[in-house]
Amino acid sequence: MSAVAAPRPGPPLWLLLELTYRCPLHCAFCYNPTNLAETGAELATEDWLRVLREARELGAVQLGLSGGEPLARDDLEEIVAEAHGLGYYINLITSGVGMTEQRIAALKQAGLDHIQLSFQDSTREVNDFLSSTRTFELKSRVAAMIKRHDYPMVLNVVLHRLNIDHVEQILDMADRLGAEYLELANTQYYGWAWKNRESLLPSREQVRRAEEATARFRERVGNRMQVYFVVPDYFETRPKPCMNGLGSVFLTVTPDGTALPCHAAKMLPGLDFPNVREASIGDIWYASPGFDRFRGDSWMKEPCRSCPEKTRDFGGCRCQAYLLTGDATNADPVCELSPHHHLITEAVERAEQAVAAGEARAPAVERPILFFRDHRSRDHRSRDRRNQR
Amino acid sequence: MSTPSRTSVASGTNPPSKSSAPGEPRRIAATAKPAVGRGYRLQWEQAQQAHVLLYPEGMVKLNDSAGAIMSRCDGERTIGQIVEDLEKTYDASGLTGEVTAFVEMAVAQKWLEVRE
C-alpha cells in the first residue's frame with residue numbers, strides 16, 4: 001500500500017495552555033517533564049493574550065488552562081477574560097490549591113466556563129501521600145465553592161496501583177461532592193509516571209474490579225453523574241488514537257512558549273518545535289516541520305503502514321513508541337501487532353507479581369516513589385510543613 | 001496534572017455511546033419550551049461553518065438541521081413554534097416528527113433542557 005501525503009490539516013480546535021510548571025503538588029504520576037531546570041522563563045501576560053487571539057482566528061474554540069497549577073499565575077483572571085471575549089469555551093484544570101472565594105468569583109465574572117478539580121484519592125491519607133502535600137480538606141472546600149458558584153463540576157482522579165482499589169469510595173466521594181462528571185483516568189506513563197511505572201501499574205484483577213465497581217455505580221445513580229472510566233492502554237490490544245494523530249486537532253503551548261502537537265511531545269528526539277515568541281500560531285500550525293512530522297502516514301513503518309486500522313488509531317502514541325522502543329516511528333507497542341508488544345505484556349506481568357506479593361503482605365510501596373521538586377516547589381513544601389504544626 | 005483524556009471532538013449528531021449518557025428518551029409535548037442545557041454552550045463557528053455545542057472538555061459539531069433546530073431552542077419558543085418557524089424558513093412541511101425526535105434525543109444527552 002502506498003503512503004499518502006498529508007492533506008492540509010484542519011484548524012487546531014483544541015488549545016491547551018500550560019501557563020506554568022509551578023505547582024504546590026508533587027504527584028508521582030505527573031506527566032510534566034522531569035527536567036524542569038532546563039525549561040526557560042514563563043511567557044508574559046501579553047504573550048498569552050496574543051496566542052489566544054492568533055489561535056482563535058484559526059478556529060481554536062476549546063481552551064484548556066493547565067500547568068503545573070494555573071492558579072499560581074496571578075494574571076489568570078486577565079487571560080480568562082480575554083479568552084471569553086474571543087469566544088473560547090474555557091476549562092480550568094486545577095488541583096484547587098490557591099483557589100479562594102475571591103478568585104473563583106473573579107474567574108466567574110471573567111467568563112470561565114468550567115473547572116476540573118483533581119483529587120488524588122478518596123482518602124486523606126492516600127491523597128496527601130500521592131501529592132506529597134496535605135490538600136484533601138482544601139480540595140473538598142474548593143469542590144463546595146465550585147458548586148456554590150454554579151460551575152459544572154468535573155472531578156478527575158488519576159488511577160494507579162495505590163488507589164485503584166478505592167474506586168468505590170472515590171465514586172461515593174464524587175457523588176457526595178455533587179460532581180456532574182467524574183473522570184477515572186488510569187495513569188498514562190509519561191514524565192514522572194514513566195519513572196514510577198513499576199510502582200504505579202495496577203494488575204489486571206485490580207482494573208477488572210474497578211470497572212465492575214464503576215458499572216454498579218452507574219446502575220445506581222443513573223443520569224445524575226457521568227462517569228468516564230479511561231482504561232489503561234497497557235491492558236489493551238490496540239493503541240489509542242493519540243491526539244487524533246499528532247498535528248490534527250491539538251496545540252499545546254508550554255510555560256516557556258514552546259508549541260507542541262501534544263503536551264508530551266517535547267521528549268521526541270530530532271524534532272524542532274517552534275516557540276510562540278518567534279513564530280505566529282498560523283506558521284506553527286501550518287508551516288513548521290515539527291507539527292508536520294507525524295501527519296498523514298508517510299512516516300509509518302510496518303506493521304502500521306499496510307494496516308487497515310491506521311486511519312482509526314494513527315499507529316497509536318508516538319511518545320509511547322519512543323519511550324518503549326527508542327524509535328518514535330515504530331508502532332505503539334500497546335498494539336498486539338507490534339513486534340515490541342512483549343515490552344507491554346512484560347511490564348503488566350511484573351505488575352501482576354508485585355501486586356500479588358504486596359497483597360500477601362500489608363499494602364505497602366515496594367519501591368521508593370520519585371517525586372519532583374524544583375526551587376519554588378520546595379518553598380511550598382516547607383510552608384506546608386509549617387502549616388502542619 | 002493528568003493527561004487530558006476526554007478531549008474527543010465528535011462530529012454529527014449521533015448520540016455518544018450508552019456508557020457516557022445513560023438517559024432514556026422521553027416523550028415531549030408540542031407545548032414544551034426547550035433551551036440549551038446547563039453547562040452547555042451553543043455557538044456558530046466560522047472556521048467549521050457549523051454550529052457547535054461546547055461542554056466541559058468536549059465539543060459536538062452539529063449538522064445543518066441539528067444546528068437549525070438547536071439555535072431556535074431559546075427557552076421561550078415552544079416546539080410547535082420552532083416547527084412552524086423551520087417549515088417557513090426552509091419552505092418545508094411535516095417537520096414535527098423530526099424536530100420532536102431530535103429534541104428527545106438531545107434532552108436525553110442533556111444538550112437541551114425542557115421547560116413545560
Side-chain angles (χ1 to χ4, degrees), chain A residues 10-11 13-14 16 18 23 25 27 29-32 57-62 64 66-69 87-89 91 93-95 113-116 118 150-154 156-158 180-181 183 185-188 190 193 215 218-219 222-223 226-230 240 243-244 249-250 263-264, chain B residues 1-12 14-28 35-63 67 70-71 104-114:
Chain A
L13 297 175
W14 177 274
L16 177 68
E18 296 182 332
C23 184
L25 304 190
C27 295
F29 48 77
C30 185
Y31 73 77
N32 274 180
E57 211 157 288
L58 297 186
V61 61
Q62 271 287 356
S66 176
E69 173 48 64
Y88 283 100
Y89 187 93
N91 307 272
I93 301 161
T94 178
S95 68
D113 291 286
H114 144 244
I115 297 175
Q116 183 198 106
S118 64
D150 201 34
Y151 289 101
M153 186 181 0
V154 178
N156 175 288
V157 182
V158 177
E180 275 96 3
Y181 305 83
E183 275 184 11
N186 274 280
T187 303
Q188 307 199 39
Y190 308 99
R218 282 196 185 119
E219 192 90 344
N223 227 356
Q226 294 199 21
V227 184
Y228 300 88
F229 188 92
V230 183
K240 60 194 170 213
M243 301 288 133
N244 275 357
V249 177
F250 292 85
H263 40 273
Chain B
M1 291 289 98
S2 68
T3 311
S5 50
R6 192 164 40 77
T7 40
S8 62
V9 179
S11 271
N14 292 333
S17 68
K18 246 198 169 135
S19 61
S20 64
E24 288 296 313
R26 42 176 283 208
R27 302 308 305 175
I28 286 169
V36 174
R38 183 180 159 270
Y40 288 88
R41 201 166 87 204
L42 178 74
Q43 69 187 36
W44 172 259
E45 279 299 294
Q46 195 64 28
Q48 301 180 59
Q49 287 294 302
H51 278 98
V52 301
L53 192 63
L54 299 160
Y55 56 95
E57 292 181 73
M59 174 166 70
V60 178
K61 182 176 174 180
L62 299 172
N63 64 24
M70 276 202 87
S71 59
E104 284 170 354
M105 183 278 292
V107 166
Q109 299 294 333
K110 297 189 178 181
W111 297 352
L112 289 175
E113 294 169 357
V114 165

>> Test side chain to side chain donor-acceptor pair (under 3.5 Å) on A:K240 and A:Q188; report intermediate values, then the result.
In response: CA-CA 11 Å; A:K240 60 194 170 213; A:Q188 307 199 39; 2.5 Å; yes

> Would A:S66 and A:L16 satisfy side-chain contact (heavy atoms from CB on, under 4.5 Å), going step by step from the backbone distance to the final call?
Replying inline: CA-CA 7 Å; A:S66 176; A:L16 177 68; 3.8 Å; yes

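In A:E57, the CD atom is not crowded: 12 or fewer heavy atoms of neighbouring residues, nucleotides or ligands sit closer than 6.0 Å.
Contact of A:F229 with chain B is not made at all, since no heavy-atom distance falls under 4.5 Å. Within the 4.5 angstrom heavy-atom criterion, no atom of B:Q46 approaches chain A. Within the 4.5 angstrom heavy-atom criterion, only side-chain atoms of A:E180, from C-beta onward, approach chain B. Of the two parts of A:I115, neither the backbone nor the side chain holds a non-hydrogen atom closer than 4.5 Å to a non-hydrogen atom of chain B.
Proximity of A:H114 to A:Y89: side-chain heavy atoms (C-beta onward) are separated by under 4.5 Å at one or more points.
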